[in-house]
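Encoded as C-alpha cells, the structure appears first; notes follow it.
In what follows, every chain begins at residue 1, and chains take the letters A, B, ... in the order their sequences are listed.
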2 protein chains.
Amino acid sequence: MNESAQSQPVAVRPDVWTAAVRRAWQSAGLRITEPRERVLAAIVRFRTPFSAEQLYAELPETGRATVYRTLEQLHTTGWVARIHAQGGEDGYVASYPGHMHHLVCTNCGAVVIFEGCVVDALVDELARQTSFAIEGHLLQLYGRCERCR
Amino acid sequence: MNESAQSQPVAVRPDVWTAAVRRAWQSAGLRITEPRERVLAAIVRFRTPFSAEQLYAELPETGRATVYRTLEQLHTTGWVARIHAQGGEDGYVASYPGHMHHLVCTNCGAVVIFEGCVVDALVDELARQTSFAIEGHLLQLYGRCERCR
DNA sequence: GTCACTGCAAAAGGTTTGCAACGGA
DNA sequence: TCCGTTGCAAACCTTTTGCAGTGAC
C-alpha cells in the first residue's frame, strides 16, 4: 500500500473555497447574506490560523454574534478546521469537509492541508493491541516549511 | 521495525503518579504544600478528562488561583495532558512527561495513554513528500473501549 | 527568617444569548 | 410575505492578576 498516494496536499484557493461554501450553504437551505459573505472574505485573507476574536477584529461592520455564529457553522460543517498549536493557542483555518490532516509551520504559522489518511495501517495495529474499536483520530504535524527551515 | 513494540499502554496508578509528581516537584525546587497535594488527589480521582473549572469544583477548600496555577504547572511539565475531544470540549488527564498519545473512548470518556511513537515512519514519509522539516506531531485516537463497544 | 505559595476578590477576556429590526428567497 | 438572519447590548463563564497574609524548608 502506497501511503504517499493517499496523502495529497490540498490547496485552499480563496475563490474556489468561497464558491464551494456558498454552494454548500445553498444546498443546506442557508441564506447567502452580505454579512456572511464578508466573513468568508475575511477568512480567506488569513494565511495563518486565526481566533474568533481576530476574525471579528477584521470585520468592523459585522456584528460579533454574526461572526461567531458563522464561524461555528463553518467549523461544524468542516469548511473551517481547528488547529491545535503546540503548547500555544488554538486557531482556525479554511479547510474542506472530510478527513483532513494539518501540517503547521512552527515559525511562520503556514498550514498545509492533507486529504486522505496516512495512518490507517497504524490504526489497525493499535486496534489489535488494545481492545478498542477505533473510529477516528486527530493527527497534526509541526515543523518548518521550506521557506523557514 | 515492530511498531507494536514501540507503543505500550501506560497505566496511571494514583499512588505511583502522585509520588512521581511529588518527586518531580522536589527536584525542581518547588514546595510541596497541602493545597497542591489536594489538587493531585483530586486529579487522580477523575477517570475521564476534566476541565479546570471541574477540578476547582472538586476542591472547595482550595483557592481558584491555586487550582489553576497548579494545573498549569502540571500541564507544562507533562504530568497532565490536554485531550482534544472530537468536536467537543478539551479536557485534562493525568499523564507522564514525554512523548505520549491518547486513545479516548467516545462513549465513556476513558483514556488510554501510549508511550513511544507509532508514527515515526509516516513522519519520514511526509517529510519526503513536503518540503517541511517535521519536528513534532499530535496524535489522538477515538473509539470505543472494550466495555463500551 | 526568607521567600515561594496561597487565596481572596476584582479584572480581564472571550463567547453566548435575548430580542427587536431587517432582508433574502 | 415569511421566516431565517443580523446586531446590539447584556449576561455569562472561564481564566488571569494584584497583593497582603501564610507557611514550607
Side-chain angles (χ1 to χ4, degrees), chain A residues 18-19 21-43 46 48-77 79-85 87-93, chain B residues 18-19 21-43 46 48-77 79-85 87-93:
Chain A
T18 305
V21 174
R22 237 182 255 122
R23 234 174 293 125
W25 278 346
Q26 270 182 333
S27 41
L30 297 177
R31 289 182 185 168
I32 295 170
T33 65
E34 213 243 303
R36 282 180 177 164
E37 291 276 15
R38 285 197 300 256
V39 173
L40 292 190
I43 288 175
F46 281 95
T48 55
F50 56 89
S51 67
E53 209 57 16
Q54 284 176 313
L55 180 60
Y56 173 59
E58 291 290 313
L59 295 161
E61 57 248 95
T62 310
R64 188 182 251 109
T66 300
V67 172
Y68 275 80
R69 288 189 278 235
T70 305
L71 182 58
E72 185 193 12
Q73 198 278 326
L74 292 171
H75 180 226
T76 57
T77 50
W79 292 101
V80 158
R82 191 191 285 275
I83 299 295
H84 304 292
E89 302 298 297
D90 285 1
Y92 299 95
V93 291
Chain B
T18 304
V21 174
R22 237 183 257 121
R23 234 174 294 126
W25 278 346
Q26 271 183 332
S27 42
L30 297 177
R31 291 182 183 167
I32 295 169
T33 65
E34 213 243 303
R36 281 181 178 163
E37 291 276 16
R38 285 198 299 255
V39 173
L40 291 191
I43 288 175
F46 281 96
T48 56
F50 57 88
S51 66
E53 209 56 19
Q54 285 177 313
L55 180 59
Y56 173 59
E58 291 291 313
L59 295 161
E61 54 250 92
T62 310
R64 191 182 248 111
T66 300
V67 173
Y68 276 80
R69 288 189 278 233
T70 305
L71 182 58
E72 185 194 13
Q73 198 278 325
L74 294 171
H75 181 227
T76 57
T77 50
W79 293 100
V80 158
R82 192 191 284 277
I83 299 295
H84 306 291
E89 302 299 296
D90 285 1
Y92 298 94
V93 291

**Request:** Hey, which sits more toward the 5' end of DNA chain C by its nearest nucleotide, B:E34 or A:E34?
**Result:**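 Its nearest nucleotide lies further toward 5', so the answer is B:E34.
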**Message:** Please compare B:A65 and A:T33 by the position of their nearest nucleotide in DNA chain C and report the one closer to 5'.
**Reply:**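 The answer here is B:A65.
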**Message:** When you measure from the side-chain N and O atoms of A:Y68 to the phosphate of C:dT15, is any distance below 4.0 Å, counting only OP1 and OP2?
**Reply:**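 True: A:Y68 side-chain N/O within range (under 4.0 Å) of C:dT15 OP1/OP2.
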Nearest whole Å is fine: how far is [N] [atom2] from [X] [atom1]?
{"X": "A:Q26", "N": "C:dA25", "atom1": "CD", "atom2": "C1'", "answer": "11 Å"}
{"X": "A:L59", "N": "C:dT15", "atom1": "CG", "atom2": "P", "answer": "15 Å"}
{"X": "A:L71", "N": "C:dT15", "atom1": "CG", "atom2": "P", "answer": "9 Å"}
{"X": "A:Q54", "N": "C:dG13", "atom1": "CD", "atom2": "P", "answer": "14 Å"}
{"X": "A:E53", "N": "D:dT14", "atom1": "CD", "atom2": "C1'", "answer": "14 Å"}
{"X": "A:Y56", "N": "C:dG14", "atom1": "OH", "atom2": "C1'", "answer": "12 Å"}
{"X": "B:D90", "N": "D:dT15", "atom1": "CG", "atom2": "C1'", "answer": "15 Å"}
{"X": "A:L30", "N": "D:dC3", "atom1": "CG", "atom2": "P", "answer": "17 Å"}

**Message:** Nearest heavy atom decides the nucleotide; on that basis, is A:T66 or B:E72 closer to the 5' end of DNA chain D?
**Reply:**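 Closest to the 5' end, via its nearest nucleotide, is A:T66.
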**Request:** Using a 4.0 Å heavy-atom cut-off across all strands, classify A:Q73 as base, sugar-phosphate, or nothing.
**Result:**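 Contact class for A:Q73: none.
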**Request:** Describe the nucleic acid contact of A:S51 in one word from base, sugar-phosphate, nothing, applying a heavy-atom distance below 4.0 Å.
**Result:**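 No contact at all - A:S51 keeps every heavy atom at 4.0 Å or more from the nucleic acid.
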**Request:** Kindly say whether A:R69 contributes a backbone atom to a donor-acceptor pair with the side chain of A:E72 at under 3.5 angstrom?
**Result:** no
**Message:** When you measure only distances, ignoring hydrogens and angles, does the side chain of A:R36 come within 3.5 Å of the base of D:dG4 through a donor and an acceptor?
**Reply:** no
**Prompt:** Do the side chain of A:R64 and the base of C:dG14 come within less than 3.5 angstrom through a donor-acceptor pair of N or O atoms?
**Reply:** no
**Item:** Straight-line distance of A:T66 OG1 to A:R36 CZ, nearest 0.5 Å
**Value:** 8.5 Å
**Item:** Closest to side chain of A:R38, choosing from D:dG7, C:dA25, C:dG7
**Value:** D:dG7
**Prompt:** Can you tell which of D:dT17, D:dT15, D:dG7 lies closest to the side chain of B:R69?
**Reply:**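 Nearest to the side-chain atoms of B:R69, counting from C-beta on, is D:dT17.
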**Prompt:** Looking just at side-chain N and O atoms, do A:Y68 and A:E53 make a donor-acceptor pair shorter than 3.5 Å?
**Reply:** yes
**Request:** Indicate whether the side chain of A:Q73 and that of A:W25 have a donor and an acceptor atom separated by less than 3.5 Å.
**Result:** yes
**Prompt:** So do the side chains of A:F46 and A:L55 get within less than 4.5 Å of each other, counting heavy atoms only?
**Reply:** yes
